[in-house]
S.K.: 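Below are the structure tokens for one structure; questions will follow.
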Amino acid sequence: MPVPKVIHEPRTQEAIRRGVAVLGNAIRPTLGPLPRRLVAQNQAKFELLDDGGIIARRIIALEDREDDVGAMLLRQVLWQVHQQVGDGAATTAVLYESIYKEGLRFIAAGADAMRLRASLGELLPQLTDSLLSQARILTAAKELEGIAFSVCYDEEMAAVLGEVIDTVGQYGQVDIRAGHGRGMEHNYVDGVYWKGGAQSKEMLRGTARLVAEMEEAAILVTDIDIEEPRELVPLMQLALRSGISKLLLIVKSISETGISVVLDDRLRSKIQTVVVKIDSYLQDELLQACRDIALLTGGRAILGVAGQSLEEVTEGDFGHARWVWADDKNFGFASGEGDPIRIRRQARKLRQAHAEAEDDDDRERLLNRLGKLNGGVATVQVGGIADDEIKGRKELAERTVRALRLALAGGVIPGGGVSLLNCGRGLLGAASDGESPEARAARQIMAAALEAPIRSLLDNGGFDASEILAQLESYESGFGFDLMKGEFVEMAGAGVFDVAHVQVEALQRAVTSAALALTIDVLVLHRDPETMTEP
């Protein structure tokens, strides 16, 4: 059983450095369009990985407990970046390791760790502004394809996802599904849909492909559980009096006896009714879906949580859509008759909430609602040879879509490590009057760190990094080295981009976290530490 112990300087910093190096060395080779890969054993299976965030998640703990602290510090940062922006973990790892290693060198030479941390933090706004000053807005679908390729390094996937995001836009709904073939397929659905299909197969019987379709249909949405047939009687009578011949009834749940009412032959001859439910385990999500459907169709949601009942329904509570459909798993509609002004107003509120949300799940839910308000859906089916390959490609496609959304939101910068390298130029100028030794050290540390990603890219591509960087000095700031072509190019003109928001996130996380790690003097190792499967 491990012995509990307390470790002090200088052993602490050396242990953290070794742990950071172990994880950094595992992730650095995956950076760039010509990456190496890592094989991870997962019980009886082996995974071939080339994504820094996933690699960090797979590394649970190092055998050496002292080294493990440094690896877990870096692991936490990389997973935060992965969760926040979906990409950039490898760049973060390279920056972090360089900052920490160079920082230790200056601390060993006499720099104060706390003042050095503060000086590194003071440089961050300047470096962030420098990075964002190189950003430009995407103007062509081909540029989106280039961004997609910089994330997934899969030409087929980049072409499909670039077209999809160009079509549906920044907030459009994109559903990534496992496919059945080896390649990728995609299609566009007019209108919107939700998970949760028809509550009886009898409602689909006799229809093409077991899909119930209705034109010029009325829609009523509620969060009420319908248990007794008598709850439906006033509603159906109102529908008949209102001249409704086709009705999509969206409920929280309905009993078998309730279904028997709408399937009664005498009623079905007068009004075709399809009853569906929204699949949601969270009450808040269900209520939001009810309100969004009502908004899109021009109706009113009948909410039991607000004390309402089906007996209160009036003719004006029915929404309407030109086309409605339902199968056993999903339902949807197109050309809803909601007020466009109210829909746009709600979309603006959701965009603002999405921009301010900090929780990843909250952002995803807001994005899904925005996609539905936009009125179009893209479905992408990702194929492969085996289930593990399909799963990996599906996750990669999801990360790529997230990066493309961020590219549309915040623009792109020259790729291939060039933008970070440009930020470092000028940091090594003459010291200003009264500048502290730690401030000078911080500038040198960051100059080296901002050069580290392009060095890693070149090394991974099999090029001599020092030779290429020496030649790059004679080119203007927008130029870099295209690893795929093996030549110097103007990066924007060649379509080699990075997502500005991703690079900013990587830079900020690496600087703040590595600077904090430099101030750690003591490690407390418990006898039986808890193993974290989630970073």
S.K.: Show the nearest heavy-atom pair for residues V168 and A378, with the distance to one decimal.
M.R.: CG1-CB, 3.8 Å
S.K.: Of all residues at least two apart in sequence or in a different chain, which pass the side-chain contact (heavy atoms from CB on, under 4.5 Å) check with R136?
M.R.: T139, E143, V412, F497
S.K.: Nearest 0.5 angstrom please: L132 CG to H501 NE2, how far?
M.R.: 10.0 Å
S.K.: Does any non-hydrogen side-chain atom of F479 lie less than 4.5 Å from one of V418?
M.R.: no
S.K.: Considering residues at least two apart in sequence or located in another chain, which fulfil the side-chain contact (heavy atoms from CB on, under 4.5 Å) criterion with T167?
M.R.: E163, Y188
S.K.: Would E97 and K101 pass as an ion pair if we require N to O under 4.0 Å?
M.R.: no
S.K.: Quick check: closest heavy atoms across L303 and Q308, and the distance to 0.1 Å?
M.R.: N-OE1, 2.7 Å
S.K.: Is any side-chain heavy atom of W325 less than 4.5 Å from a side-chain heavy atom of Y193?
M.R.: yes
S.K.: Please check if any side-chain donor atom of R365 sits under 3.5 Å from a side-chain acceptor atom of N368, or the reverse.
M.R.: no
S.K.: Nearest 0.5 angstrom please: R177 CZ to T379 OG1, how far?
M.R.: 4.5 Å
S.K.: Using modelled atom types and a 3.5 Å cut-off, is there a donor and acceptor pairing between side-chain atoms of Q199 and backbone atoms of G197?
M.R.: yes
S.K.: Using side chain to side chain donor-acceptor pair (under 3.5 Å) as the criterion, list what pairs up with D112, not counting sequence neighbours.
M.R.: none
S.K.: Answer yes or no: is there a side-chain heavy-atom contact under 4.5 Å between V502 and L406?
M.R.: yes
S.K.: Do R28 side-chain atoms and A90 backbone N/O form a donor-acceptor pair below 3.5 Å?
M.R.: no
S.K.: Which atom pair, heavy atoms only, marks the closest approach of A403 to V499?
M.R.: O-CG2, 3.6 Å
S.K.: OH/Y153 to OG1/T30 distance, rounded to the nearest 0.5 angstrom?
M.R.: 9.0 Å
S.K.: If the threshold is 4.0 Å, N to carboxylate O, is there a salt bridge linking E395 and R399?
M.R.: no
S.K.: Looking at every heavy atom in both P453 and L31, which two are closest together, and how far apart are they?
M.R.: O-CD2, 3.8 Å
S.K.: Taking distance alone, no hydrogens or angles, what donor-acceptor pairs closer than 3.5 Å link side-chain atoms of residues 505-522 to residues at least two apart or in another chain?
M.R.:
unit_1, atom_1, unit_2, atom_2, d
E505, OE2, R509, NE, 2.7
E505, OE2, R509, NH2, 3.3
Q508, NE2, T128, OG1, 3.4
R509, NH1, Q80, OE1, 3.0
T512, OG1, Q508, O, 2.8
T512, OG1, R509, O, 3.4
S513, OG, R509, O, 2.8
T519, OG1, L516, O, 2.6

S.K.: I'd like to know if the side chain of R351 and the backbone of L370 have a donor-acceptor N/O pair within less than 3.5 Å.
M.R.: no
S.K.: Charged N to carboxylate O under 4.0 angstrom, R117 versus E438?
M.R.: no
S.K.: Can you see which heavy atom on V324 is nearest to which on L248, and at what distance?
M.R.: CG1-CD2, 3.6 Å
S.K.: Would you call K195 and D279 a salt bridge, using N to O less than 4.0 angstrom?
M.R.: no
S.K.: Given side chains that start at C-beta, do those of V192 and F333 come closer than 4.5 Å, heavy atoms only?
M.R.: yes
S.K.: Does the side chain of E451 come within less than 4.5 Å of L421's, by heavy atoms?
M.R.: yes
S.K.: Considering only residues two or more places apart or on different chains, which pairs with a residue in residues 330-340 satisfy side chain to side chain donor-acceptor pair (under 3.5 Å)?
M.R.: none
S.K.: Is there a side-chain contact (heavy atoms from CB on, under 4.5 Å) between L161 and V380 once you walk through the steps?
M.R.: CA-CA 8 Å; L161 297 182; V380 179; 4.2 Å; yes
S.K.: Evaluate side-chain contact (heavy atoms from CB on, under 4.5 Å) for L373 paired with Y171, printing each intermediate quantity in order.
M.R.: CA-CA 9 Å; L373 292 187; Y171 298 107; over 6 Å; no
S.K.: Roughly how far, to the nearest 0.5 Å, is the CG atom of L116 from the CD1 atom of I445?
M.R.: 4.5 Å
S.K.: Does A135 have any side-chain contact (heavy atoms from CB on, under 4.5 Å) partners at least two apart in sequence or in another chain, and if so, which?
M.R.: I413, A500
S.K.: Between CG of L104 and CZ of R17, what distance do you get to the nearest 0.5 Å?
M.R.: 7.5 Å
S.K.: For R425 and A447, indicate whether the former's side chain and the latter's backbone hold a donor-acceptor pair under 3.5 Å.
M.R.: no
S.K.: If we ignore hydrogens and angles and just use 3.5 Å, is the side chain of T222 paired with the main-chain N or O of I302 as donor and acceptor?
M.R.: yes
S.K.: Under 3.5 Å, side chain of N422 to main-chain N/O of S477, donor-acceptor pair present?
M.R.: yes
S.K.: Check whether any side-chain heavy atom of L428 sits under 4.5 Å from a side-chain heavy atom of Q444, and report yes or no.
M.R.: yes
S.K.: Find out whether L249 and V276 are in side-chain contact, i.e. whether some heavy atom of one side chain is under 4.5 Å from a heavy atom of the other.
M.R.: no
S.K.: Side chains of L420 and L127, heavy atoms from C-beta outward: is any pair under 4.5 Å?
M.R.: no
S.K.: Should the pair W79 and H82 be assigned to parallel (<30°), tilted (30 to 60°) or perpendicular (>60°) ring geometry?
M.R.: parallel
S.K.: Please check if the side chain of T92 supplies one atom and the backbone of L78 the other of a donor-acceptor pair under 3.5 Å.
M.R.: no
S.K.: Between Q134 and S130 (side chain of the first, backbone of the second, donor and acceptor by atom type, cut-off under 3.5 Å), is there such a pair?
M.R.: yes
S.K.: Can you check salt bridge (Lys or Arg N to Asp or Glu O under 4.0 Å) on E356 and R363, steps first, answer last?
M.R.: CA-CA 9 Å; E356 296 174 355; R363 284 195 304 274; over 6 Å; no
S.K.: Do NZ/NE/NH1/NH2 and the carboxylate oxygens of K252 and D223 come within less than 4.0 Å?
M.R.: no
S.K.: For the CD1 atom of I224 and the CD1 atom of I250, what is their distance to the nearest 0.5 Å?
M.R.: 13.5 Å
S.K.: For I390 and A178, work out which heavy atoms get closest and say how close.
M.R.: CG2-CB, 3.7 Å
S.K.: Looking only at atom types and distance, does a side-chain atom of N25 sit under 3.5 Å from a main-chain N or O of A21, one as donor and one as acceptor?
M.R.: yes
S.K.: List the steps and the verdict of side-chain contact (heavy atoms from CB on, under 4.5 Å) for K372 and Q173.
M.R.: CA-CA 6 Å; K372 289 177 170 60; Q173 185 177 352; 3.4 Å; yes
S.K.: Would you call the rings of F331 and W194 parallel, tilted or perpendicular if under 30° counts as parallel and over 60° as perpendicular?
M.R.: parallel
S.K.: Could you go through R402 and E398, starting from their C-alpha distance and side-chain angles, then the distance that decides it, and tell me whether this counts as salt bridge (Lys or Arg N to Asp or Glu O under 4.0 Å)?
M.R.: CA-CA 6 Å; R402 185 181 299 183; E398 290 169 348; over 6 Å; no
S.K.: Looking at E155, I'd like to know if its CD atom is crowded, meaning that more than 12 non-hydrogen atoms belonging to other residues, nucleotides or ligands lie closer than 6.0 Å.
M.R.: no
S.K.: As a quick check of understanding, evaluate side-chain contact (heavy atoms from CB on, under 4.5 Å) for R75 and L23, giving each step before the final call.
M.R.: CA-CA 8 Å; R75 177 181 185 242; L23 187 53; 3.9 Å; yes
S.K.: Using a cut-off of 6.0 Å, state whether more than 12 heavy atoms not belonging to R322 lie near its atom CZ.
M.R.: no
